[in-house]
Each structure stands twice: as structure tokens, then as C-alpha cells.
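Atom set for the values below is all heavy atoms of this structure, side chains included, hydrogens, waters and symmetry mates excluded. Each chain gets a letter, A, B and so on, in the order its sequence line appears, and its residues count up from 1.
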Number of protein chains: 2
Amino acid sequence: MDNSQPVATDSPVLGIGIAAVERDTGLGKDTLRIWERRYGFPQPLRDAFGERVYPPEQVEHLRLVKRLMDQGQRPGALLRQPMADLGALVADGGATVGADDTADWIVPMLKARDIDPLRAELAQRLARDGLERFVIETVPALNRRIGDGWMTGEIEIFEEHLYTELVQNQLRSATHALASRGTRPQVLLTTLKEEEHLLGLLMVESLLAANGAACVSLGAQTPIADIVGAARATNTDIVALSFSAAYPWRKARDALIQLRAALPVATELWVGGAGLAGRGRKIAGVRAIGVLRDVAPALTDWHAAHPPRARH
Amino acid sequence: MDNSQPVATDSPVLGIGIAAVERDTGLGKDTLRIWERRYGFPQPLRDAFGERVYPPEQVEHLRLVKRLMDQGQRPGALLRQPMADLGALVADGGATVGADDTADWIVPMLKARDIDPLRAELAQRLARDGLERFVIETVPALNRRIGDGWMTGEIEIFEEHLYTELVQNQLRSATHALASRGTRPQVLLTTLKEEEHLLGLLMVESLLAANGAACVSLGAQTPIADIVGAARATNTDIVALSFSAAYPWRKARDALIQLRAALPVATELWVGGAGLAGRGRKIAGVRAIGVLRDVAPALTDWHAAHPPRARH
DNA sequence: CGCATTATTTTGTCCTGGACAAACGTGTGG
DNA sequence: CCACACGTTTGTCCAGGACAAAATAATGCG
């Protein structure tokens with residue numbers, strides 16, 4: 001990552017510095033140091049001036065740990081493990097069925113930086129398979145492939161960003177094309193503060209739009225007060241929120257209760273995303289949508305409960 | 001920023017923690033602490049447990065300092081200043097002529113999160129003014145307005161991200177629309193490692209494309225070896241790089257010399273961006289483009305030096 | 001037995017103060 | 001006008017201690 005530019009950050013082949021590890025893995029410097037103190041891992045080398053130098057294998061291992069933590073695992077168990085079959089854990093948590101070689105095509109294109117062909121390929125698959133199948137099957141498979149690639153160091157951060165951006169653009173333009181204002185239900189989509197993953201939200205938005213809902217997206221990280229305000233102002237039927245697995249469960253619960261209380265009773269509150277999937281007990285007045293496939297049925301339910309002419 | 005969600009990060013009105021300041025200003029925790037030690041500013045309050053609590057005015061001041069540093073100023077001078085007329089310095093460095101109220105419309109739209117109208121507005125201005133005027137006048141004015149807004153705390157980070165993304169999409173689709181492969185010169189655009197600002201590059205790309213050049217963008221943060229490889233593979237006439245003001249001058253110089261040496265002699269090397277604007281002395285075999293307006297003339301020069309039929 | 005509340009562990013962030021390398025500005029000589 | 005050497009400025013890193021927030025386990029209640 002930092003080689004091939006002999007002047008700066010001289011890290012020939014032995015390893016990289018702590019700042020680079022933070023950049024590559026997303027683990028903070030303090031965290032890296034205290035793991036070393038507490039668990040004995042990682043155990044970086046030291047350069048001439050006593051600064052930590054992390055060998056590539058350790059960085060890779062850290063990436064794996066981070067990935068598992070993003071899936072809800074806790075570091076203590078992971079780091080005490082003799083660095084053995086963590087791959088098995090990945091399979092457990094990530095619902096990786098293994099038959100994901102269908103998404104392998106993305107990697108070489110990304111690595112070759114064939115941006116235009118990549119965009120074209122995505123557009124073509126979207127057109128061929130249809131929006132729903134694209135969102136429910138293709139994109140999750142790609143996400144998994146990219147996630148795995150990042151974990152092994154095969155994919156670099158900015159390549160992941162590039163991928164995310166391209167997919168988001170596809171979804172946005174597709175959604176935009178079939179945007180139908182004025183229909184029901186009117187759905188307000190957004191994400192809570194400190195939750196910045198936009199892709200999941202866009203996927204839901206496109207599914208909703210594909211099923212005839214009128215969507216308004218507030219983007220990410222909207223304060224609760226703003227959500228309530230916007231919902232009131234636009235006479236929203238449903239507020240839909242997305243949580244990534246990294247989002248702390250209790251915070252989500254508290255925020256949802258608070259939001260539910262502040263929202264008009266007629267406004268439904270739907271939540272989804274990996275953060276709520278496994279652990280979620282029910283919260284009164286909040287509808288949890290576990291899988292993308294359940295979006296369309298949920299809309300059907302809504303329509304059943306709200307006969308066309310009964311409004312106003 | 002962190003209020004309106006009474007449960008988390010309880011910071012009523014007195015101030016915010018050091019992590020939040022890092023997030024808001026982009027200044028590292030270590031930097032904040034050592035400034036306090038060395039220069040006596042900032043001087044945060046302490047909460048019940050001795051942790052730093054930064055009052056809003058200090059955060060705002062820090063934002064201003066950071067902004068000036070991004071324009072090339074050094075902290076020592078800024079922080080010793082009795083926190084007085086730093087605004088004057090902004091005017092000096094940023095070429096802010098003051099008549100920027102033409103860009104004020106962006107702020108309310110951004111704050112209202114009117115995403116679709118905002119996209120439409122940008123698209124309309126692009127169509128009305130033409131790509132060149134849009135890139136040379138409108139976008140820089142908007143950038144300045146957003147930068148100022150961020151500095152004063154008027155604009156939040158994710159709103160800035162949103163803006164950047166929207167403009168980038170406009171530029172990308174506009175450039176894509178008039179892409180003409182096979183014409184000359186063939187230009188390879190990218191950014192060096194550790195330089196991630198993509199907007200400037202996109203602006204240049206669109207200008208080049210508008211003037212008939214065939215552009216290939218490698219995205220941001222390409223290692224030198226990859227640039228050389230791609231240039232060779234695609235038979236590139238010109239390699240164009242962009243540097244933000246924050247990029248260390250010497251690093252840029254060294255990298256450029258190295259790149260110039262590795263590139264075929266027939267391949268020109270063009271550089272631009274605020275990072276090279278003021279201070280740049282000439283480097284042999286590298287063409288510095290100070291202002292966006294100079295892109296078109298540079299292309300004209302190239303055509304003059306390379307008569308249409310002389311190739312191969 | 002489900003759900004909420006409290007105790008206990010786990011885990012990340014913050015603190016202080018010291019130290020040095022990289023970046024910068026300046027001055028001198030070619 | 002440009003290259004190199006020198007002192008200064010400035011950011012990042014280190015160590016070890018400490019506590020708050022999060023997660024888990026244990027407990028009580030309907």
C-alpha cells in the first residue's frame with residue numbers, strides 16, 4: 001500500500017506504521033496499542049526509533065478481526081483465539097453460502113480501474129435482471145465479495161469507495177426514473193445520527209419505489225427532531241430507517257422509542273438493516289423488516305390496512 | 001451538532017468532547033492537545049472527570065485556523081495571533097472577492113435537504129450556462145461558499161459531502177455525455193497517493209473533454225508505478241495531475257521528478273491545483289496550469305505543437 | 001417463561017508529558 | 001535563478017494509568 005513511492009514513509013517490505021494500519025483497518029491507534037498490551041496481539045516489530053511496524057500478515061489478521069467485529073463479534077474472544085479458524089466464523093456470521101463466485105467478476109474490473117466499463121456492466125445487469133432482482137440478489141452478492149476482498153487486503157479502501165459510489169449512482173438513477181410522487185404510501189427514508197451507511201437505505205428506497213411507494217430520502221445522519229419535522233411537514237405515511245450491524249443496539253432501541261413517541265400515531269415506523277436483524281426484540285409500534293425480500297410484502301400489508309379511498 | 005438527541009453524548013450547551021472536535025474540524029486529537037500545551041490555544045473547559053470540553057466559539061475558531069492552514073498558512077503564526085482579524089487572512093489567501101452572494105442559494109437548499117430539487121437546480125445551471133462556464137465560474141463559487149459555511153459551522157460535514165457528491169455526479173455525467181474516444185490528445189487524469197480530492201480533477205477532466213480531448217480518469221490516489229504503466233499501455237499523450245493546497249510541496253516535487261523520469265519523453269506531464277499555484281518553481285518537463293481558464297489555451301498549444309497528421 | 005433492572009466484566013477512549021522526525025523557511029554559494 | 005545545508009516549527013508516536021460506556025450475566029418481577 002505504501003511502497004512504490006520510495007521517498008515517503010519508507011516501509012520497504014517489513015511492514016507499515018500505526019497510522020497506516022489505522023487507515024487500512026479502521027481500528028484506532030489507541031485501540032491497537034491497548035490490544036497489544038492486553039491480549040498480546042498484534043505484536044508489531046519496532047523500527048530504529050522504537051516505533052511500531054506492523055508486518056502484512058498482522059495487518060491482514062487485524063482486518064479479519066475488524067470485519068468480524070462489524071458483524072457483531074466481540075474482540076476479546078477473537079483475539080484470544082490462536083488466530084486459527086476465524087474464517088469459519090466469517091461463514092457463520094456473514095451468511096456466506098460460498099457459492100459467491102458469481103460476483104467475482106467485479107474484482108478484476110475494480111482493480112483495473114475500468115470505470116466506464118464497470119459502470120456499463122452494472123447498468124446492463126440492472127437492465128437485464130430488473131431492479132428488484134438486482135437489489136435483492138446482485139448487490140448483496142457484490143457487497144459480500146467486496147467485503148471479503150477488503151478483509152483479505154485484495155481490495156483497497158478507495159476501491160471499495162469507488163464501488164460503493166458506482167452502485168449508489170445506479171440505484172439513484174434507477175429509483176429516480178420510476179419516481180412517482182403523489183402515490184401512497186408516502187415513505188420518508190433516512191438514517192440516524194452516527195449511522196452513515198447509505199447503501200442499504202438506497203437499496204430499500206429503490207425496492208419501495210419499484211413497488212409504487214412515493215419515496216423521499218433525507219440522506220444519512222438526520223437528527224430525530226428533523227425526522228419528526230419532515231414527517232409532519234410532508235404528511236408521511238411511513239418513516240423507514242436503516243441500521244448497519246455496527247450500530248449499538250441499545251442506542252438504536254432508545255432512539256426508536258423516542259422517535260415512535262414523537263411521531264404522529266398514524267405514521268408507521270419501519271426499521272431494517274443488519275443492526276436490527278438478529279438481536280431485535282419487538283418494540284411497540286415499530287415494524288422490523290429482517291430481509292430485503294420482506295419489503296414488498298410489508299407494502300402489501302400496508303395497502304391491505306389502508307384501503308385506497310379511506311384517506312382524509 | 002450533538003444536541004437534540006438527549007440520550008447520547010450529553011453535551012448540553014457548554015461544549016463538545018475532543019473526539020467530536022476532531023470530527024468537526026479535521027484536526028487530530030494529538031494536535032489539539034499539543035497546541036494547547038504549546039500555544040495556549042485552544043483552552044477547553046474540563047468536565048467532572050477532567051476531560052476536555054470545547055466551547056462552541058473555540059471550535060469555530062479552530063475551524064477557521066484549519067481552513068487557513070488548508071490554504072497554506074502555518075499554525076504558529078495563526079495561533080499566536082490574538083484571535084483577531086483572521087478573516088482578513090481568509091480574504092488574502094482564498095482570492096475571495098466578496099461578491100460571492102451569487103452562490104448563497106446553495107445553503108438553504110442544502111440545509112433543507114432538498115436533494116432532488118438541488119440536483120435539478122445544478123443540472124439546470126449546467127445546461128443554461130454551458131459546461132465551461134459552469135466549471136470555471138459556478139462550481140468554484142459554490143466551493144467557496146461551502147468552504148466558508150463549513151468554517152463558520154453553518155454547514156455540517158455530511159452536508160458538504162452531499163454537495164460534493166452531487167456536483168461530482170453532474171460533472172461525471174456531463175463529461176461522459178461528450179466523451180470522444182479516439183481523438184487527440186489522449187489525456188490520463190489522476191491524483192497521487194495521499195491526495196484524495198477528486199473534485200478538482202473532475203473539473204479539469206470536464207474542461208478537457210469539452211475541448212475535444214479524450215480523457216481517461218484513473219480516479220484518485222494512484223501509485224506512480226501504476227500511472228506509468230497505464231500511460232504506456234494506453235499510449236497517452238498527456239498525464240494530468242491535481243494537487244490540493246494541503247499537499248506538501250516537496251513531496252509533490254519529488255514525485256513529479258520521479259514520474260517525469262519514468263514517463264516516455266513524448267508524454268507530457270501537466271499539473272494543476274492550489275497546491276502548486278503559488279509556490280511552484282518550474283520543474284523541467286512539467287507544465288504547471290495555474291488557473292482553470294488556462295486549460296483550454298494549454299490544449300491549443302498542444303495542438304499547435306502536434307500537427308494533426310504527424311502522428312506515427 | 002418473557003421482560004426489565006441491576007451487577008460484573010469487557011472494551012474503547014481519554015489523560016499527562018516526553019521525544020524525535022519530517023516539513024518548513026532561510027541563508028549561502030554556485 | 002536554483003541547489004544544498006542549517007536551525008525552527010510542527011505533527012505524530014510512545015508509555016502507562018484511569019475511567020466511562022457497552023455488553024454480558026445475574027437477578028427480580030409479572
Are A:His197 and A:Phe243 an aromatic pair, judged by ring center distance below 6.0 Å?
no
Below 4.5 Å, heavy atoms only, C-beta onward: do A:Ile289 and A:Val204 meet side chain to side chain?
no
N-O pairing of A:Arg144 and A:Asp148 below 4.0 Å:
no
Is it true that A:Arg63 and A:Glu57 make a salt bridge, defined as a side-chain N closer than 4.0 Å to a carboxylate O?
no
Return a single string for nucleotides 9-15 of chain C, one symbol per nucleotide in 5' to 3' order, where B is base contact, S is sugar-phosphate-only contact and - is none, cutoff 4.0 angstrom on heavy atoms.
-SBBBBS
Residues in side chain to side chain donor-acceptor pair (under 3.5 Å) contact with B:Thr190, at least two apart in sequence or another chain
B:Thr222
In this structure, how many angstroms lie between the [atom2] atom of [N] and the [atom1] atom of [X], rounded?
| X | N | atom1 | atom2 | result |
| --- | --- | --- | --- | --- |
| B:Leu79 | D:dT10 | CG | C1' | 11 Å |
| A:Gln43 | D:dC14 | CD | P | 14 Å |
| B:Asp70 | D:dT10 | CG | P | 15 Å |
| B:Leu32 | D:dT10 | CG | P | 15 Å |

Return yes when atom CD of B:Gln43 has more than 12 non-hydrogen atoms of other residues, nucleotides or ligands closer than 6.0 Å, and no otherwise.
no
